[in-house]
A.B. asks: 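Just passing along the structure, written as structure tokens.
By convention in this document, chain letters (A, B, ...) are assigned in the order of the sequence lines, proteins followed by strands, and residues within each chain are numbered from 1.
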Number of protein chains: 2
Amino acid sequence: MLDATSSYNPMDSRIPVADRTGHRTVPETTRRTERRLPGTRYGNRPTMKDVAARAGVGLKTVSRVVNGEPGVTPETERRVQEAIEALGFRRNDSARVLRKGRTASIGLVLEDLADPFYGPLSRAVEEVARAHGALLINGSSAEDADREQELVLALCARRVDGLVVIPAGDDHRYLEPEIKAGVATVFVDRPAGHIDADVVVSDNFGGARDGVGHLIAHGHRRIGFIGDMPRIHTAAERLRGYRTAMEDAGIPVEDAWMSLGVTDPERVGRAAREMLSGPEPVTAIFTGNNRVTVTVIRVLAGHPRPVALVGFDDIELADLLQPGVTVVAQDAAALGRTAAERLFRQLDGTLLGPERVELPTRLITRGSGELPPAD
Amino acid sequence: MLDATSSYNPMDSRIPVADRTGHRTVPETTRRTERRLPGTRYGNRPTMKDVAARAGVGLKTVSRVVNGEPGVTPETERRVQEAIEALGFRRNDSARVLRKGRTASIGLVLEDLADPFYGPLSRAVEEVARAHGALLINGSSAEDADREQELVLALCARRVDGLVVIPAGDDHRYLEPEIKAGVATVFVDRPAGHIDADVVVSDNFGGARDGVGHLIAHGHRRIGFIGDMPRIHTAAERLRGYRTAMEDAGIPVEDAWMSLGVTDPERVGRAAREMLSGPEPVTAIFTGNNRVTVTVIRVLAGHPRPVALVGFDDIELADLLQPGVTVVAQDAAALGRTAAERLFRQLDGTLLGPERVELPTRLITRGSGELPPAD
DNA sequence: CCTGTCTCTGACAACGTTGTCCAGGCTCTA
DNA sequence: TAGAGCCTGGACAACGTTGTCAGAGACAGG
């Protein structure tokens with residue numbers, strides 16, 4: 001499952017067990033004696049039982065105080081509070097969860113938290129979760145289907161109440177038992193594969209079509225498209241938008257104008273340079289996401305002729321470049337917020353069936369998309 | 001504690017209780033009958049007991065199969081696996097955690113996940129956690145001390161094994177009982193207040209001193225400093241670096257050159273414009289963090305004379321602006337990685353006492369810091 | 001003084017898992 | 001063939017909490 005690089009690996013399901021000589025590793029409870037708090041049991045945290053004993057009351061009375069339930073005299077409450085304070089007691093939510101069934105936590109599986117697109121999305125999900133008293137567990141799939149599944153199932157084992165998933169894989173049937181068991185699930189940015197589930201996406205098709213249309217309106221005909229791997233739904237949709245815009249304008253698309261694949265700077269840079277060379281180079285480029293846009297901007301900065309550019313996704317400082325970068329912006333925070341809200345409505349029971357919600361994109365013109373063709 | 005905007009609020013400790021008429025709300029276990037899986041108990045997920053019953057074996061045998069423990073015949077294992085498959089059983093880690101004591105999860109409390117500085121940091125922590133088989137729970141404090149404490153204590157109640165905290169508040173004595181109880185703790189970016197704990201920081205002082213020194217070396221004397229609120233440790237350290245560099249160069253600093261406070265664009269923009277006006281305007285500005293830098297770049301873009309600029313924190317596309325933005329870069333990912341590694345070493349027991357680790361910063365020259373004074 | 005009601009409190013079971021321990025059946029050897 | 005030892009499987013307690021229920025006082029009304 002996961003690599004262990006040290007002795008700490010609590011979820012390891014392999015067997016540390018006694019070896020053939022019968023020796024056993026020292027039980028965990030014996031560590032850190034010197035750090036133990038007076039009044040607590042060896043190496044462990046104080047429990048309600050400890051508090052009850054110290055306060056001279058019953059277990060349930062402590063529970064009542066901790067949870068603010070009624071039916072405790074002020075005097076008793078004071079004694080309990082005092083004991084809690086003195087022992088540094090903190091309720092164990094694991095036990096609580098086990099008893100109550102809900103964990104008050106939701107999981108978010110995305111591609112890469114370091115990507116500036118996902119940071120705001122995650123934050124938005126967190127805010128909604130917070131408003132509902134839930135915590136957020138994040139996981140990065142690194143665009144790997146197996147890792148996505150591993151993460152999702154780990155989250156399910158934790159019994160998160162709900163999942164917000166930005167799919168990396170394209171088959172999510174493995175989630176069916178979980179959904180049946182009541183795990184609320186919303187997919188974001190890309191639809192789920194082979195299951196019927198709630199999904200919140202941007203209007204990738206329309207956004208790309210409008211962005212490319214914008215270039216066409218400014219006189220371009222030879223327009224390049226550099227995007228992500230076509231198995232990624234958003235990439236495919238944006239490509240479809242490109243094709244549609246071109247078709248609507250009656251421009252036959254040449255293969256040399258399109259480049260789809262991994263979005264590392266090397267491949268993208270090569271693709272851009274190829275499109276820009278030869279006897280009939282493109283006069284404009286439409287880029288399929290923020291990473292591609294940044295790379296292409298770098299290429300264009302070193303290019304002799306001006307080349308028009310429209311990028312999908314807004315990027316910071318885009319307005320300060322020369323020329324400013326025209327983009328089709330999607331609202332990452334709104335995606336996250338909408339998804340999380342639907343998630344909690346599923347948990348409330350106020351949501352009927354699975355639905356597909358599409359959020360609009362916005363064309364922001366800043367100059368790069370308005371350059372005329374330099375033929 | 002937290003606002004509930006709906007009926008879902010599992011961790012609410014206020015009393016939903018029976019009202020005076022004796023009516024009760026419907027127990028949770030009765031929801032979603034239509035979604036229940038055949039073979040499971042009403043509204044609940046299958047447990048090992050269910051699997052054991054279906055496979056015709058004992059409870060512990062199922063546990064053994066699930067955990068890959070030895071001592072189960074292939075035939076028995078097959079039967080158990082079959083039952084697991086058929087019922088869609090997934091081990092309940094809450095119960096496991098309760099029994100084992102470790103949750104295999106760590107908490108990360110930072111200021112704002114949407115900030116491009118924290119995304120990579122969080123991702124780095126996650127990668128280390130993953131290598132140790134642990135999940136990461138994120139929380140944004142929004143630079144609010146109370147919210148930080150609330151988050152940290154909520155994470156402790158979940159019994160996270162460790163905490164990585166980017167402090168918002170300046171008193172962390174509330175964490176003492178937790179640390180004594182064995183919660184590994186590492187502070188990042190800023191030191192903890194009033195407690196002795198592990199901390200990983202950048203060399204804010206040295207970085208700022210070098211950045212300002214760079215401006216001085218290019219002939220500037222009237223150098224402005226725009227930074228965050230001085231109660232934030234990093235802001236104070238960077239200010240100290242600025243003062244030291246000026247002092248070392250024998251330049252008396254004027255009050256009008258320094259501006260400290262919240263880093264919203266409005267205040268920062270006003271501060272920058274003030275420094276740049278009057279009879280003796282600054283000829284260079286040192287900015288105290290990425291947000292400030294971006295705002296100041298915008299101001300400078302509309303300013304008639306060229307003004308030198310060095311910023312703390314690297315920003316994306318800084319190299320593509322005209323001129324390129326010279327920055328003092330800190331390595332957010334390294335901060336996160338180092339902190340997380342120390343955390344797990346605490347859990348391993350291979351770390352001795354609390355320590356302060358300082359990571360170097362790097363001056364990246366791109367042009368804006370090398371502009372001569374425009375006197 | 002007794003009875004009924006109300007308030008406060010605590011004993012106990014249950015949540016789902018894992019660790020301990022023991023029993024029964026098997027193989028192997030003396 | 002009997003005894004020793006191993007392998008497999010299961011009964012049971014425990015983890016820390018919450019829900020249920022019933023008991024113990026207090027107090028008022030008859």
Side-chain angles (χ1 to χ4, degrees), chain A residues 10-13 15-18 20 22 24-25 27-29 40-41 43-53 55-77 79-80 89-103 157-159, chain B residues 10-11 13 15-18 20 24-25 27-29 40-41 43-53 55-77 79-80 89-103 157-159:
Chain A
M11 280 307 175
D12 193 347
S13 47
I15 0 84
V17 289
R20 299 187 183 273
R24 297 193 164 273
T25 46
E28 282 198 10
T29 42
T40 63
R41 284 196 316 296
N44 282 328
R45 305 193 61 138
T47 71
M48 285 194 178
K49 211 160 143 188
D50 301 321
V51 174
V57 302
L59 189 56
K60 181 65 212 204
T61 300
V62 177
S63 172
R64 273 193 270 261
V65 171
V66 169
N67 293 299
E69 288 171 34
V72 183
T73 31
E75 161 58 14
T76 311
E77 172 157 1
R79 284 217 319 281
V80 172
F89 166 80
R90 193 94 55 207
R91 179 176 67 193
N92 184 332
D93 277 347
S94 288
R96 179 170 220 248
V97 153
L98 180 59
R99 189 61 233 253
K100 303 201 73 149
R102 286 275 172 110
T103 57
R158 301 292 167 103
R159 295 293 188 270
Chain B
M11 282 306 175
S13 47
I15 0 85
V17 290
R20 297 184 187 276
R24 298 192 163 271
T25 46
E28 283 198 9
T29 41
T40 63
R41 286 197 313 296
N44 282 330
R45 305 193 59 139
T47 72
M48 285 194 179
K49 212 161 143 188
D50 300 321
V51 174
V57 302
L59 189 55
K60 182 64 213 211
T61 300
V62 177
S63 173
R64 274 195 268 261
V65 171
V66 169
N67 293 299
E69 287 171 34
V72 183
T73 35
E75 162 58 15
T76 310
E77 171 158 2
R79 284 219 316 282
V80 172
F89 167 80
R90 192 94 55 205
R91 179 177 66 193
N92 183 333
D93 276 346
S94 289
R96 180 170 218 245
V97 153
L98 181 59
R99 189 61 232 256
K100 302 201 77 148
R102 286 274 172 108
T103 58
R158 300 290 167 104
R159 294 292 186 273

A.B. asks: To the nearest Å, how far apart are M48(B) CE and dG16(C) C1'?
C.D. replies: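 In whole Å, dG16(C) C1' and M48(B) CE are 8 Å from each other.
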A.B. asks: Give a yes/no on whether any side-chain N or O of S63(B) is located under 4.0 angstrom from OP1 or OP2 of dT17(C).
C.D. replies: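 For dT17(C), OP1/OP2 do not have a side-chain N/O of S63(B) under 4.0 Å.
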A.B. asks: Just the rounded figure in Å: distance from C1' of dA14(C) to CG of L59(A).
C.D. replies: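 It is 13 Å, rounded to the nearest whole Å.
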A.B. asks: When you look at N67(A) and R91(A), which way does the side chain to side chain contact (heavy atoms under 4.5 Å, CB included) test go after all the steps?
C.D. replies: CA-CA 10 Å; N67(A) 293 299; R91(A) 179 176 67 193; 2.5 Å; yes
A.B. asks: Between L98(A) (CG) and dA14(D) (C1'), how many Å, whole number?
C.D. replies: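 Those two atoms, CG and C1', are 12 Å apart.
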A.B. asks: Output the rounded distance in Å from CZ (R90(B)) to P (dT17(C)).
C.D. replies: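 Taking atom P of dT17(C) as the reference, CZ of R90(B) is at 12 Å.
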A.B. asks: Starting at atom CD of E77(B), determine the distance to atom C1' of dT8(D), rounded to an integer number of angstrom.
C.D. replies: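 Rounded to the whole Å, the gap is 13 Å.
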A.B. asks: Look at the side-chain N and O atoms of N92(B) and state whether any lies under 4.0 Å from the OP1 or OP2 oxygen of dC15(C).
C.D. replies: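 For N92(B), the contact criterion (side-chain N or O under 4.0 Å from OP1 or OP2 of dC15(C)) is not met.
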A.B. asks: Once you round it to whole Å, what is the distance between P of dT17(D) and CG of N67(A)?
C.D. replies: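 Checked: the CG to P distance equals 10 Å.
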A.B. asks: Distance check: side-chain N/O of T73(A) vs OP1/OP2 of dT9(C), anything under 4.0 Å?
C.D. replies: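 Checking T73(A) against dT9(C): at least one side-chain N or O falls below 4.0 Å of OP1 or OP2.
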A.B. asks: Rounded to whole angstroms, how far apart are CZ on R91(A) and C1' on dT17(D)?
C.D. replies: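 Going from R91(A) (CZ) to dT17(D) (C1'), I get 9 Å.
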A.B. asks: With distance as the sole criterion, do the side chain of R64(B) and the base of dG10(D) form a donor-acceptor contact below 3.5 Å?
C.D. replies: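 Counting by modelled atom types and ignoring angles, a donor-acceptor contact under 3.5 Å is found here.
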A.B. asks: Between the side chain of R159(A) and the main-chain N/O of L98(A), is any donor-acceptor distance below 3.5 Å?
C.D. replies: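 It does not hold such a pair.
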A.B. asks: Decide yes or no, distance alone: a donor-acceptor N/O pair under 3.5 angstrom between the base of dG16(D) and the side-chain of K49(A).
C.D. replies: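 Answer is no: no donor-acceptor pair is held.
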A.B. asks: Rounded to whole angstrom units, what separation is found between the CZ atom of R102(B) and the P atom of dG19(C)?
C.D. replies: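 Distance, rounded to whole Å: 14 Å.
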A.B. asks: Give a yes/no on whether any side-chain N or O of S94(A) is located under 4.0 angstrom from OP1 or OP2 of dC15(D).
C.D. replies: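 Answer is no, no contact under 4.0 Å.
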A.B. asks: Is the base of dT18(D) touched by the side chain of R99(A) through a donor-acceptor pair closer than 3.5 angstrom?
C.D. replies: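 By the distance-only test, yes, there is a pair.
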A.B. asks: Does K60(A) make a side-chain N or O approach to OP1 or OP2 of dT17(D) shorter than 4.0 Å?
C.D. replies: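 No.
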A.B. asks: Using heavy atoms to find the nearest nucleotide of DNA chain D for G58(B) and A95(A) separately, return the residue whose nucleotide is more 5′.
C.D. replies: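 By nearest-heavy-atom nucleotide position, the 5'-most residue is G58(B).
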A.B. asks: Is it true that a side-chain atom of T73(A) and a backbone atom of E75(A) form a donor plus acceptor pair closer than 3.5 Å?
C.D. replies: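 A pair under 3.5 Å: no.
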A.B. asks: Could you check R159(B) against T76(B) and say which one's nearest nucleotide on DNA chain D is further toward the 5' end?
C.D. replies: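 Looking at the nearest nucleotide for each, T76(B) comes out on the 5' side.
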A.B. asks: On the nucleotide dG10(C), are OP1 or OP2 found under 4.0 Å from the side-chain N or O atoms that T61(A) carries?
C.D. replies: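 Indeed, a polar side-chain atom of T61(A) lies that close.
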A.B. asks: Using the rule given for side chain to side chain contact (heavy atoms under 4.5 Å, CB included), can you reason through M48(B) versus V66(B), listing the C-alpha separation, both sets of side-chain angles and the distance that settles it, and then say yes or no?
C.D. replies: CA-CA 9 Å; M48(B) 285 194 179; V66(B) 169; 4.2 Å; yes
A.B. asks: Which part of the nucleic acid, if any, lies within reach of G71(B) when heavy atoms closer than 4.0 Å are counted: base, sugar-phosphate only, or nothing?
C.D. replies: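 Result for G71(B) = sugar-phosphate.
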A.B. asks: Any donor and acceptor pair, going by atom type alone, linking the side chain of R79(A) with main-chain N or O of A55(A) inside 3.5 Å?
C.D. replies: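 Yes; judged by distance alone, with no hydrogens or angles, the pair exists.
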